[in-house]
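Working notes, structure below.
The first residue of the sequence shown is numbered 1, and numbering continues consecutively from there.
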Amino acid sequence: MPCCRTIPLFLAVLWFAAGYDCQAQQRGAIATKAMVVTAHPEASRVGREILRNGGNAADAMVAVHFALAVVYPNAGNIGGGGFMIWRSMKGECSALDFREKAPRRAWRDMFLDSAGNPVPSLSLEGALAAGVPGSVDGMIQAHKRYGTMKWRTLLEPAIALAQRGFPITAKQAADLNEFHSRLAKWNGTEQALTARSVWHQGDTLRQPDLAATLIRIRNNGRNGFYAGETARLIETAMKQHNGLIDKTDLAQYSSRWRTPLHGTYRNHTVISMPPPSSGGVALLQLLSMWERRATKDCTFHSADAVHLMVECERRVYADRAKWLGDPDAVRVPVRGLLHPAYCESRTYPIRMNRATPSSTVTFGNAIEFDTMPQQQPNRIDKMRRESEQTTHYSIVDGSGNAVSVTTTLNASYGSKLVVAGAGFLLNNEMDDFSAKPGSPNMYGLLGSEANAVAPGKRMLSSMTPTVVEKDGALKMVVGTPGGGTIITSVFQTILNVLDFGMTMQQAVEAKRFHHQWLPDWIYTEENSLDSATMLELSKRGHTFKQREPIGRVDAILVLPDGRLEAGADPRGDDTAAGLD
Ligand code: GLY
């Protein structure tokens, strides 16, 4: 029987917390009423103003989403998609899938050459790389169900930011400079993003074409994007660049309400995104496996902790590659993958003194467990050098409604193609399909038939917008960008708070590592693991690869006295805006 099941919880927490220096209880921004944390100061400010003016978390979400499409154009979007987890002040949860879809004329082998080999450039840049965007419909659906303010009002801040412009940050200037030639290749130098070849911090970015599109969305709602002038401009761009999306694809797009996944972890309930994101399934599997085997020696970044997390991760990502895909198109054995007996069967082959080579790890027989009765049912109500620029925002309003949203164009600036005259970037989400079973995508992630391209299908995601409850009350709102690393970053952030006793800000700032089954190495941020730990892990058979920063987690923690603590990731320009 694993140690953690036989010791009282408070002792376990004390043991785990001992591994982290809690002396300096450095907290993030604190607010008594409401909190917004996003990737950009302007977007956080917009969200706070909506809350200040009486809006709720859904109203703030809509305003923040459109503001990010303006002020954070490498990932904020109207030309992409995403996922939302909503938790009302009464504890009712829902999940909204506004993931992109393959166009009707897409086909299974569309990204293969005549010899049957993947041609990555086709799924990464240009019109063919784009899925039918879902963000605008997602915002409309969320607003219809939960919003209280007028739709028009929620669009105004984004329109003003696009029309008047805003001063870009130093990171944004560096980013625009890095991507200038690729953006100019597709769009020329007349677009807002390519108007200057060298950007500096403080330069004003104005986007008049984007403002005009946002005005159409403000005035006409769904038809401002999926019909009329915007649809015409998208179809024109597609024809010009040999893409597939047409007006019928746009007219037929709709987001889907799905039943969120519920799991338990050390007396907490964890609520996350079901397929077509792999995020919720994988996160709940990781927490379940870790809880079964973690001992008092598994302190923060200790060799035992890293080893156990990595061993769990390689098994979970092997499952992900085999079983996860669009549940509207393929059978995804979610119940089996989350069945306690299945998680137990995946956990116990782990040896604490030796790494299991990934070449010997394969997916489990989740189908067998899919129909098995559950004793403790889970409620089911480098990678290539492409940056992983999804974005995440977390919001809690004054009544206690919470929303966790992860949204993306996939790569930084998506397909790099701006819809001429409409001023927004199209995603390159088609790369999240498995172009050919067994061939890695941009993130080095493998997939199988479950995630093959098909007309109208949604591509598999790793996005993991998540809410954590304790004793039926809201405890944490969390999520991050980072492609395949999203799942392991959310996993680590939750453990940092619940097991290692960190504040929300410390949990977000803490260095991260990542393993995804294949390739078989532990990706580490610079200085993430100390040399003694790495030596011990090497002795157990692990190998390492240092890489650029992993994720940008934006999260909110409800403190015992009810105040809200933000965790805004310093890896980016991420900012918290609280309301007292
Ligand atoms: N495009 C990244 C993801 O959905 O996981």
Side-chain angles (χ1 to χ4, degrees), residues 34-38 43-44 46-48 50-51 53-69 76-101 132-158 214 217-218 220-226 253-260 271-274 276-277 279-280 381 390-408 458 461 463-467 474 477 479 554 556:
M35 185 68 81
V36 180
V37 195
T38 82
S44 298
V46 163
R48 178 178 52 198
I50 294 292
L51 295 174
N53 292 330
N56 69 5
D59 297 319
M61 164 191 171
V62 172
V64 162
H65 197 101
F66 286 109
L68 282 169
N77 67 81
I78 54 175
F83 298 101
M84 172 198 88
I85 292 289
W86 167 268
R87 184 186 185 281
S88 77
M89 57 186 166
K90 293 184 183 152
E92 297 141 349
C93 293
S94 62
L96 181 61
D97 161 5
F98 52 100
R99 182 69 159 166
E100 300 91 328
K101 295 176 81 166
V132 184
S135 281
V136 175
D137 189 66
M139 291 308 113
I140 287 167
Q141 297 302 332
H143 180 256
K144 249 191 213 157
R145 192 178 271 201
Y146 298 120
T148 61
M149 289 177 89
K150 285 207 172 88
W151 174 254
R152 297 178 66 84
T153 309
L154 303 177
L155 269 288
E156 294 302 349
L214 292 170
I217 296 169
R218 178 195 67 189
N220 305 314
R222 197 191 137 84
N223 286 343
F225 187 86
Y226 295 97
Y253 181 86
S254 70
S255 33
R256 293 281 311 261
W257 290 100
R258 301 200 185 267
T259 307
I271 300 140
S272 196
M273 197 67 213
S277 183
D381 334 275
T390 297
T391 189
H392 177 86
Y393 50 93
S394 295
I395 302 173
V396 177
D397 69 22
S399 304
N401 301 301
V403 70
S404 183
V405 178
T406 314
T407 180
T408 191
R458 287 176 155 94
S461 172
M463 290 189 269
T464 316
T466 298
V467 166
L474 179 68
V477 186
D554 284 341
I556 302 171

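In terms of heavy-atom proximity, Phe98 sits nearest to Met139 at CZ-CE, 3.8 Å. Of all heavy-atom pairs spanning Gly138 and Leu96, the tightest one is O-CD2, 3.2 Å. Across all their heavy atoms, Ser272 and Gly280 have their closest contact at OG-CA, 3.5 Å. Shown here for Ile140 and Gly221, the closest heavy-atom pair between the two residues is CD1-C, 3.6 Å. Shortest non-hydrogen contact noted between Gly47 and Val36 is C-CG2, 3.8 Å. Here the closest heavy-atom approach between residue Gly400 and residue Leu474 is recorded as O-CD2, 4.2 Å.
Here the side chain of Ser394 pairs no donor or acceptor atom with the backbone of Thr38 at under 3.5 angstrom. Checking side-chain atoms of Tyr226 against main-chain N and O of Pro133 turns up a donor-acceptor pair under 3.5 Å. Although no hydrogens or angles enter the test, the distance criterion places no donor-acceptor pair under 3.5 Å between the side chain of Asn53 and the main chain of Ile50. Here the side chain of Asn220 pairs no donor or acceptor atom with the backbone of Asn223 at under 3.5 angstrom. At least one donor-acceptor pair closer than 3.5 Å links the side chain of Thr466 to the backbone N or O of Thr464. No donor-acceptor pair under 3.5 Å is formed between the side chain of His392 and the backbone N or O of Thr407.
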Return all side-chain donor-acceptor pairs below 3.5 angstrom for residues 81-95, not counting sequence neighbours, or 'none' if the list is empty.
| residue | atom | partner | partner atom | Å |
| --- | --- | --- | --- | --- |
| Arg87 | NE | Glu469 | OE2 | 2.7 |
| Arg87 | NH2 | Glu469 | OE2 | 3.4 |
| Arg87 | NH2 | Gly472 | O | 2.9 |
| Ser88 | OG | Lys90 | N | 3.2 |
| Ser88 | OG | Gly91 | N | 3.3 |
| Ser88 | OG | Glu92 | N | 3.1 |
| Ser88 | OG | Glu92 | OE1 | 3.2 |
| Ser94 | OG | Tyr146 | OH | 2.7 |

### Candidate pair Arg99 and Ser461, rule side-chain contact (heavy atoms from CB on, under 4.5 Å), full reasoning
CA-CA 9 Å; Arg99 182 69 159 166; Ser461 172; 3.4 Å; yes

### Message
With side-chain contact (heavy atoms from CB on, under 4.5 Å) as the criterion, how do Val132 and Glu100 come out once you've worked through the C-alpha distance, each side chain's angles and the decisive distance to 0.1 Å?
### Response
CA-CA 5 Å; Val132 184; Glu100 300 91 328; 5.6 Å; no

### Message
Applying side-chain contact (heavy atoms from CB on, under 4.5 Å) to Ile78 and Phe66, what does each step give before you reach the verdict?
### Response
CA-CA 7 Å; Ile78 54 175; Phe66 286 109; 3.6 Å; yes

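Using a 4.5 Å heavy-atom threshold, the side chains of Met273 and Pro260 count as separate. Taking the side chain as every heavy atom from C-beta outward, Arg145 and Trp257 approach each other to under 4.5 Å. With contacts defined as side-chain heavy-atom distances shorter than 4.5 Å, the pair Asn401/Val396 does not qualify.
Note that CZ of Phe225 is 6.0 Å distant from CD1 of Ile217, once rounded to the nearest 0.5 Å. Atom-to-atom distance recorded for Asp59:CG and Thr148:OG1 is 3.5 Å, nearest 0.5 angstrom. Remark: Met35 CE to Leu51 CG distance equals 11.0 Å, nearest 0.5 Å. Interatomic distance, Ile395 CD1 to Tyr393 OH, rounded to the nearest 0.5 Å: 6.5 Å.
Side-chain polar atoms of Asp137 and Ser255 form a donor-acceptor pair below 3.5 angstrom.
The only option from Arg256, Arg458, Gln141 that meets the side-chain hydrogen bond (donor to acceptor under 3.5 Å, both in side chains) definition with Asp97 turns out to be Arg458.
Every side chain to side chain donor-acceptor pair (under 3.5 Å) that Ser135 has, sequence neighbours left out, goes to His65, Asn77. Arg218 is linked by a side chain to side chain donor-acceptor pair (under 3.5 Å) to Glu156, counting only residues two or more places apart in sequence or in another chain.
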